[in-house]
Amino acid sequence: MSLRNKWNVSMVVVLTGLWVFSGQAFRTALPPSDDIPQTKVALGERLFFDPILSSNRTVSCASCHKPEFAFADNRAFSLGVGNTPTARNSPTAMYMSGRKALFWDGRATHLHEQALMPIADSREMNLPISAAITRLNESDYYRKAFEQVFRSKPTSLLLGEALASYQMSLGKYTSAFDRYREGEETAMPARAILGLELFLGKAKCSLCHVGTDFTDDAFRNIGLTDLDTAKLASLSPDEWGRFNVTKEKADLGKFKTPHLRNIALTAPYMHDGSIKTLRKVIRFYNDTSRKINRHWNLDTILVAPLKLSRREEKDLEIFLENLTDGELINTNKTRKK
């Protein structure tokens with residue numbers, strides 16, 4: 001069986017500026033004030049880039065989810081209102097429509113719910129949702145826009161729906177890997193194909209990064225934080241992970257498996273932004289022996305070292321770079337210069 005067919009079978013089993021994107025350009029600035037949106041996606045896009053949703057009108061959703069970084073950020077911690085660092089690294093806002101859990105700790109299960117939380121968060125946009133709705137209703141532009149799209153004045157439910165609709169539009173499956181999977185045998189270079197074989201086998205990536213978007217949406221402790229039980233009392237709640245939601249001790253230090261779409265553009269990595277490059281992420285997993293017997297609640301998948309050679313590490317990195325959407329390739333090349 002060819003490697004491409006092997007991938008397709010595995011998916012069936014598992015799943016049973018200007019940046020051109022599917023004929024459009026990602027917005028890097030707000031549209032003219034008289035440009036009334038006609039659809040939920042267009043309204044959500046306008047809101048996503050508008051700092052009106054932050055307390056001092058300086059921060060928008062796009063401040064932390066930047067188009068040039070595949071709607072992630074290039075900082076370990078984004079800066080909210082008053083340059084306050086966020087609690088965790090900003091994940092990409094792309095390929096969100098299929099997610100079962102949102103945020104690193106999974107505290108939201110639906111995009112329309114997730115979309116409102118950063119607005120109210122004191123370390124992000126710091127604006128109560130009631131105040132945000134008041135602002136939108138006081139705006140002639142947004143009253144007209146919501147009436148055009150929803151036949152209603154702005155409400156919290158419709159604000160969440162508009163922002164969720166825009167996020168769900170971000171992601172078109174146009175990477176070299178997607179073309180290879182669809183039958184274009186020369187879409188990926190030979191070393192990327194070797195990297196795919198490692199991804200599915202020796203490197204064990206596919207034990208967690210499965211499906212079309214390369215995530216099982218599960219929660220795991222991968223050993224980033226020292227969870228020695230004697231030190232838990234001094235551990236920041238930001239490092240408690242899934243425990244913050246479930247209050248189950250077994251969930252301490254567990255964070256959601258991120259998807260890998262456009263992963264080459266979303267550095268730095270991990271929930272705390274502590275790993276700066278994709279190669280260092282691979283080496284982190286390749287050298288797991290330093291974490292054994294040092295971390296309580298460590299996922300058993302990480303116990304045995306992978307024993308990848310330096311060449312195999314590079315092959316795996318090349319494969320991951322081939323998960324970048326075609327519309328974002330030029331951005332990736334520019335960043336490497």
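Residue indices begin at 1 and follow the sequence shown.
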Short side-chain to backbone donor-acceptor contact, Arg242 and Gly106, under 3.5 Å: yes

Is it the case that over 12 heavy atoms from other parts of the model lie below 6.0 angstrom from the NZ atom of Lys307? no

Relative to each other, are the rings of Phe199 and His209 parallel, tilted or perpendicular (30° and 60° limits)? tilted

For Tyr142 and Arg135, test the side chains for any donor-to-acceptor distance below 3.5 angstrom and give the result as yes or no. no

Could you pull out every donor-acceptor pair under 3.5 Å between side chains of residues 80-89 and any protein atom, sequence neighbours left out?
| unit_1 | atom_1 | unit_2 | atom_2 | d |
| --- | --- | --- | --- | --- |
| Thr84 | OG1 | Val81 | O | 2.9 |
| Thr86 | OG1 | Ser78 | N | 3.2 |
| Thr86 | OG1 | Ser78 | O | 3.4 |
| Thr86 | OG1 | Arg88 | O | 3.1 |
| Arg88 | NE | Asp238 | O | 3.1 |
| Arg88 | NH1 | Asp105 | OD2 | 3.1 |
| Arg88 | NH2 | Asp238 | O | 3.1 |
| Asn89 | ND2 | Arg75 | O | 3.1 |
| Asn89 | ND2 | Ala76 | O | 3.0 |

Is it true that Leu278 and Ile193 fall in one hydrophobic cluster, defined by side-chain heavy atoms closer than 4.5 Å? yes

Are the side chains of Glu197 and Asp315 in contact, using a 4.5 Å heavy-atom criterion? no

Interatomic distance, OG1@Thr324 vs CZ@Phe177, rounded to 0.5 Å, equals 13.0 Å

One should read off an interatomic distance between Ile282 CD1 and Leu320 CG, to the nearest 0.5 angstrom, of 5.5 Å

Spacing of Asp272 atom CG and Phe77 atom CZ [to the nearest 0.5 Å]: 5.5 Å

Strictly distance-based, threshold 3.5 Å: is any side-chain N or O of Glu185 a donor or acceptor partner for the main-chain N or O of Gly183? no

State whether the side chain of Tyr95 and the backbone N or O of Asn262 hold a donor-acceptor pair below 3.5 Å, judged by distance alone. no

So that I can tick it off, tell me whether Lys172 and Glu327 are bridged by a salt bridge, with the cut-off set at under 4.0 angstrom between side-chain N and carboxylate O. no

Does Thr92 reach the main-chain N or O of Ala70 with its side chain, forming a donor-acceptor pair under 3.5 Å? yes

Please enumerate all residues that pass ring pair (Phe, Tyr, Trp, His ring centres under 6.0 Å) together with Phe243, with sequence neighbours excluded. Trp240

Side-chain donor or acceptor of Arg57 paired with backbone N/O of Ser54 under 3.5 Å: no

Regarding Tyr173 and Asp213, is there a side-chain donor-to-acceptor distance under 3.5 Å anywhere? yes

Check: Asp251 and Phe219 side chains under 4.5 Å, non-hydrogen atoms: no

Does the structure place the NZ or CZ of Arg46 under 6.0 Å from the centre of the six-membered ring of Tyr141, at an angle of no more than 45° from the ring's axis? yes

Is it true that Thr134 and Asn137 share a donor-acceptor pair across their side chains at a distance under 3.5 Å? no

Distance-only, no hydrogens or angles: does the His259 side chain make a donor-acceptor pair with backbone N or O of Met94 under 3.5 Å? yes

If you round to the nearest 0.5 Å, how far is CG of Leu53 from OG of Ser63? 11.0 Å

Main-chain N/O of Ile318 paired to Asn322 side chain as donor or acceptor, under 3.5 Å: yes

With rounding to the nearest 0.5 angstrom, report the CG to OH distance, Leu196 to Tyr180. 6.0 Å

Is Leu308 close to Lys202 at the side-chain level, that is, under 4.5 Å between some pair of heavy atoms? yes

Is there a donor-acceptor pair under 3.5 Å between the side chain of Asn126 and the backbone N or O of Ser55? no

Should the heavy atoms of other residues, nucleotides or ligands under 6.0 Å from NZ of Lys100 be counted, would the total exceed 12? no

Kindly compute the distance separating OG (Ser60) from CD1 (Ile52), expressed to the nearest 0.5 Å. 12.0 Å

Look at Glu147 together with Lys144 and state whether they make a salt bridge at an N to O cut-off of under 4.0 Å. no

Run through the side-chain heavy atoms of Ile, Leu, Val, Met, Phe, Trp and Tyr, join any pair under 4.5 Å, and report what else lands in Trp104's cluster. Phe255

Heavy-atom pair with the smallest gap, counting every atom of Asp73 and Cys64: CB-O, 3.3 Å

